[in-house]
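Everything below concerns the one structure shown next.
For the single chain, residues carry numbers from 1 onward in sequence order.
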Amino acid sequence: MRKILLGAALAALSIGVAHAEDVMASRYGNTTVATDAGGTQTKLYYKADGTFTGKRGIIPLKGTWKVEGDKLCITSDMTMPGTPNPLCAPVATHKVGDTWTAGGRTVMLVQGIQ
């Protein structure tokens with residue numbers, strides 16, 4: 001019985017640690033808006049299952065994402081001209097309302113699905 005309780009406690013602790021380390025958690029259910037130097041906006045909607053949808057201008061996007069060390073790498077189902085696939089950029093925890101630069105783009109995290 002003691003081993004079962006210890007195992008359950010360790011499992012609960014590891015779930016809490018994994019959630020605390022999820023630098024993408026604030027993006028689930030919100031919109032990440034990236035604007036390139038030419039003014040083209042890309043809106044991405046990340047899901048906790050490692051998938052995303054979005055649009056670049058009026059072009060629909062979908063694919064997968066993963067955090068690799070200190071980088072977020074997204075692999076689009078459709079390669080965009082002039083954009084590497086996968087596209088990797090530094091990643092950090094952000095709150096709704098934050099603005100930062102990544103991969104030569106200005107990025108904002110806005111509330112909800114825009």
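- Applying the side chain to side chain donor-acceptor pair (under 3.5 Å) criterion to T79, with sequence neighbours excluded, gives N85.
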>> Run T93 and R27 through side chain to side chain contact (heavy atoms under 4.5 Å, CB included) and show every step you take.
In response: CA-CA 9 Å; T93 302; R27 299 187 198 198; over 6 Å; no

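- Under the ring pair (Phe, Tyr, Trp, His ring centres under 6.0 Å) criterion, the residue pairs touching residues 72-95 are H94-W100, with sequence neighbours excluded.
- Note on Y46 and V67: same hydrophobic cluster, where clusters join Ile, Leu, Val, Met, Phe, Trp and Tyr whose side-chain heavy atoms are under 4.5 Å apart, directly or indirectly.
- Scored by the side chain to side chain contact (heavy atoms under 4.5 Å, CB included) test, V96 finds N30, L109, Q111 as partners (sequence neighbours excluded).
- Evaluation of the side-chain hydrogen bond (donor to acceptor under 3.5 Å, both in side chains) test over residues 51-67, restricted to residues two or more places apart or in two chains, returns D49-T51, R56-T83, K66-E68.
- Pairs of residues two or more places apart, or lying in two chains, never qualify as salt bridge (Lys or Arg N to Asp or Glu O under 4.0 Å) while including a residue from residues 99-114.
- To the nearest 0.5 Å, the span separating NZ on K47 from CE on M24 amounts to 13.5 Å.
- Separation of atoms OG1 (T75) and CG (L87) is listed at 9.0 Å; rounding is to 0.5 Å.
- Applying the disulfide bond (SG atoms under 2.5 Å apart) test to every pair with at least one member in residues 37-114, sequence neighbours left out, gives these pairs: C73-C88.
- At least one side-chain heavy atom of L44 sits under 4.5 Å from a side-chain heavy atom of I74.
- Atom OG1 of T31 sits about 9.5 Å away from atom CE of M108, to the nearest 0.5 Å.
- Here T35 contributes atom OG1 and K43 contributes atom NZ; the two are 9.0 Å apart, rounded to the nearest 0.5 Å.
- Between K95 and D98, the shortest heavy-atom distance links the atoms N-OD2, 2.8 Å.
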